[in-house]
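This report refers to the structure that appears directly beneath it.
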Protein chains: 2
Amino acid sequence: MASIKDVAAKAGVSVATVSRVLNDHPSVSPAARTRVLAAVDVLGYRRNAVARSLRTDQTHTLGLVISDVLNPYFTELARSVEEEARALGYSVIFGNADERPELQDHHIRNLLDRRIDGLLVSPTDGGSPLMLDAARAGTPMVFVDRWIPGVDVPVVQADGRAAVRDLVAHLHGLGHRRLAIIAGPAATTTGRERVEAFRAAIAEYGLTLPDDYIGQGDFQAESGRRATERFLDLPEPPEVVFAADNLMALGALDAIRARGMRVPEDIALAAFDDIPWFVHTDPPITAVAQPTGELGRAAVRALVARIEGRTPKSVTLPARLVVRRSCGEPSPEPSPAPATEPSSARRSSPAQRSKP
Amino acid sequence: MASIKDVAAKAGVSVATVSRVLNDHPSVSPAARTRVLAAVDVLGYRRNAVARSLRTDQTHTLGLVISDVLNPYFTELARSVEEEARALGYSVIFGNADERPELQDHHIRNLLDRRIDGLLVSPTDGGSPLMLDAARAGTPMVFVDRWIPGVDVPVVQADGRAAVRDLVAHLHGLGHRRLAIIAGPAATTTGRERVEAFRAAIAEYGLTLPDDYIGQGDFQAESGRRATERFLDLPEPPEVVFAADNLMALGALDAIRARGMRVPEDIALAAFDDIPWFVHTDPPITAVAQPTGELGRAAVRALVARIEGRTPKSVTLPARLVVRRSCGEPSPEPSPAPATEPSSARRSSPAQRSKP
DNA sequence: CTGAAAGCGCTTACAG
DNA sequence: CTGAAAGCGCTTACAG
């Protein structure tokens, strides 16, 4: 591969001049610039980003450590992060922690060794010494979705409390009283917050959330299945299961089907996180939707601000309720009233918002 | 951040010795090793991978350029690629081409500039000059899933022909005669191959695939929707729509629902690529499943072999048919015969394989 | 406007 | 077993 030296030789100038041309430095004569550009072209020269990074101490690379790529929520988050990063001139290296703290540490270590300019993390746990050290050492860092209390790092997240309150109002309005939740790991903020939001909303109706109605999940499908089976084995099973993420909702659906039961006739189901497939499950699933793309973009903007020496604020964006058919909502089809409307437009639009 | 110099100073040795300890070079005295390790520990030293890469001309990084991360098939592929790469001591930088050739080129350029050791590509198109040049220039490279004819690069892919033949046999057995396909872009191998496999299988039954029954899609949901609408507008619409990937199947479902029609009563639907959600759509979708994880792992192994100077062979793994309920398959529930079996176990198992 | 030179943080023959 | 030194491919004051 041609190096800057080859270009300099071919253009008859010094490597310094070549470098200036490459970096759009103003003090280069038009003649020199032309010759350098011609040489670059002939040689098919491409600047070595590794050498440049070593010299400038900047890699123009962001690290993103997420908990589980296979979770469509995180896939979409990763996608928007990459898009915004690209728009700002950064590449991103992903690390998939697979909800395993050791793997998360592996990726953080790897990313740090590669001297990424900044780190975006959705922590799998309460924070390893490694991550805490990195934050303290001043590595530009931003938390997305999940965060670690007591660490001075900006957080970009969705606030699901209003939407969860909307959901509970919706469920209560449909006549449901026995509400259960499949929670995420207590070591994560989202694991705790969603349960608390649910409990608080339920309390507003004078209801309680008994311990039996709190299933302990880990944000993966299998744990949703197990928690649901336990609910169904209860002497008095819940009327509604609220899964704290989309994968656990998938597991819950599996478990319910495996018993030969039906949603929502035998038991209702709602989920935190909305994904395109929820429109097409049987039945379509009522869910709390996060502004995922906007979260990813805001996180990148905050991180780049930190890298550039500014001190970005945390960002909190509201989630919203999307009502579909999994909680016993009245079927829109046989309804004779709104005859002008195409049959499926109302119930499956992701833009729909409940107003309790 | 502490550098190797700091470690050397603290340990009272030369940087050469520190480097040897770090690289497990045999000729280091136990005493020196101990002092170096202690210094590393005290300083919290971490080797600068950028500097190391510049010196050794190896980044231990693989580039993976895929067509669309949001497609669950590619998400899973990416995940298995990262896992196998990690097992072999490599990191991977992802580039999402979003089915756009210019974006694909952007990523390839970026990856090449970063001096990745090897490139894994699932080409979005017939191959840009950039990609062709890279292949010719000897960049270690492997194609996964999609490939480019006439380029001397190993290919790791699934062969769907047998499974598509199984599918057509299945459809024919259910009484369907008017079969349509939503194809992927003709610029991709998978876009062409799946149509050809379908056409060939249909021919075995003395049937044909009229042009009207070939919808032109781009592997994205929206194109599946449009193609399906066109099918439904035909004077004689097809009895079955076979979508050449899972996202177009999603779009097809949307379009069918939007007309107030039902699957499979009004029209049957099958898809290439199987994903966990297909078990829970309404109805569960009959699909051709690729051995996705194994493809990703095999691709990484082939690429690393190439990087290490060996000359790996192409790998082709068989896909298989997974029968569910979207093609008018008889419902298993009311069947009195297999009373011993739990109600949903049979029809939704991803391991199930049709034997026509 | 231009070039010689130092230096980023490593690794690795070479000599001892 | 160990260290001095060269060099990977760049960038950037510094001097002219």
Side-chain angles (χ1 to χ4, degrees), chain A residues 1-40 43-61 89 91 109-117, chain B residues 1-40 43-61 89 91 109-117:
Chain A
M1 206 146 222
S3 85
I4 196 172
K5 273 189 197 164
D6 303 314
V7 176
K10 170 136 283 181
V13 297
S14 71
V15 296
T17 297
V18 175
S19 179
R20 289 195 189 96
V21 171
L22 261 25
N23 292 301
D24 281 320
H25 189 98
S27 45
V28 181
S29 68
R33 154 164 285 117
T34 310
R35 298 221 306 285
V36 167
L37 259 20
V40 163
L43 266 27
Y45 170 77
R46 303 240 82 220
R47 176 161 56 194
N48 184 327
V50 175
R52 176 168 222 241
S53 290
L54 177 59
R55 185 50 233 250
T56 61
D57 203 31
Q58 297 187 113
T59 52
H60 279 277
T61 304
S91 294
R109 205 173 291 121
N110 181 254
L111 261 7
L112 258 20
D113 287 359
R114 287 166 183 274
R115 300 303 192 263
I116 44 130
D117 293 341
Chain B
M1 209 149 217
S3 85
I4 196 173
K5 272 189 198 165
D6 304 314
V7 176
K10 170 135 283 180
V13 297
S14 71
V15 296
T17 297
V18 175
S19 180
R20 289 194 190 96
V21 172
L22 261 25
N23 292 302
D24 282 321
H25 189 99
S27 45
V28 181
S29 67
R33 155 163 284 116
T34 310
R35 296 222 306 286
V36 167
L37 260 19
V40 163
L43 266 27
Y45 170 77
R46 304 239 83 220
R47 172 158 70 200
N48 185 326
V50 174
R52 175 167 224 242
S53 291
L54 177 60
R55 186 50 233 254
T56 61
D57 204 30
Q58 297 187 113
T59 52
H60 278 276
T61 304
S91 294
R109 206 172 292 120
N110 180 254
L111 261 7
L112 258 20
D113 286 359
R114 287 166 183 274
R115 300 301 192 265
I116 44 131
D117 293 341

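A, B, ... follow the sequence lines: proteins, then strands. Residue 1 opens every chain.
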Q: Return the value, rounded to whole Å, for the distance between atom CG of A:Asn48 and atom P of D:dC8.
A: 12 Å
Q | Paired stretches of DNA chain D - 3 or more consecutive Watson-Crick or G-U pairs, each distance under 3.5 Å | A | C:1-3 with D:14-16, C:5-12 with D:5-12, C:14-16 with D:1-3
Q | Exercise: do A:Arg114 and B:Thr61 side chains pair donor with acceptor under 3.5 Å | A | yes
**Q.** Atom-pair distance (CD1 on B:Ile4; C1' on D:dG3), nearest Å
**A.** 13 Å
Q: Would you mind telling me which of C:dA4, C:dC10, D:dG3 lies closest to the side-chain atoms of B:Arg20?
A: D:dG3
Q | Residues in contact with DNA chain D, drawn from residues 50-59 of chain B - heavy-atom cutoff 4.0 Å | A | B:Leu54, B:Arg55
**Q.** Atom pair CG/CZ of A:Asp113 and B:Arg46 - distance to nearest 0.5 Å
**A.** 4.0 Å
Q) To the nearest angstrom, how far is B:Leu22 atom CG from C:dC10 atom P? A) 8 Å
**Q.** Close residues, residues 25-36 of chain B, relative to DNA chain D [heavy-atom separation under 4.0 Å]
**A.** B:Pro26, B:Ser27, B:Val28, B:Ser29, B:Ala32
Q.
Please report the distance separating the P of D:dA6 from the corresponding atom of D:dT2, rounded so that it comes out in whole Å.
A. 22 Å
Q. Between C:dG9 atom P and B:Met1 atom CE, what is the distance in whole Å?
A. 11 Å
Q. Rounding to a whole Å, what distance do you find between A:Asp24:CG and D:dT11:P?
A. 12 Å
Q: Apply side chain to side chain donor-acceptor pair (under 3.5 Å) to A:Ser3 and list each qualifying residue two or more places apart in sequence or on a separate chain.
A: none
Q) B:Arg46 CZ to C:dG9 P: how many Å, rounded? A) 16 Å
Q | Sequence-distant partners of B:Asn23, side chain to side chain donor-acceptor pair (under 3.5 Å), two or more places apart | A | B:Ser19, B:Arg47, B:Arg52
Q: For DNA chain C, determine which residues of residues 5-17 of chain B have any heavy atom closer than 4.0 angstrom to one of its atoms, and list them numerically.
A: B:Lys5, B:Ala16
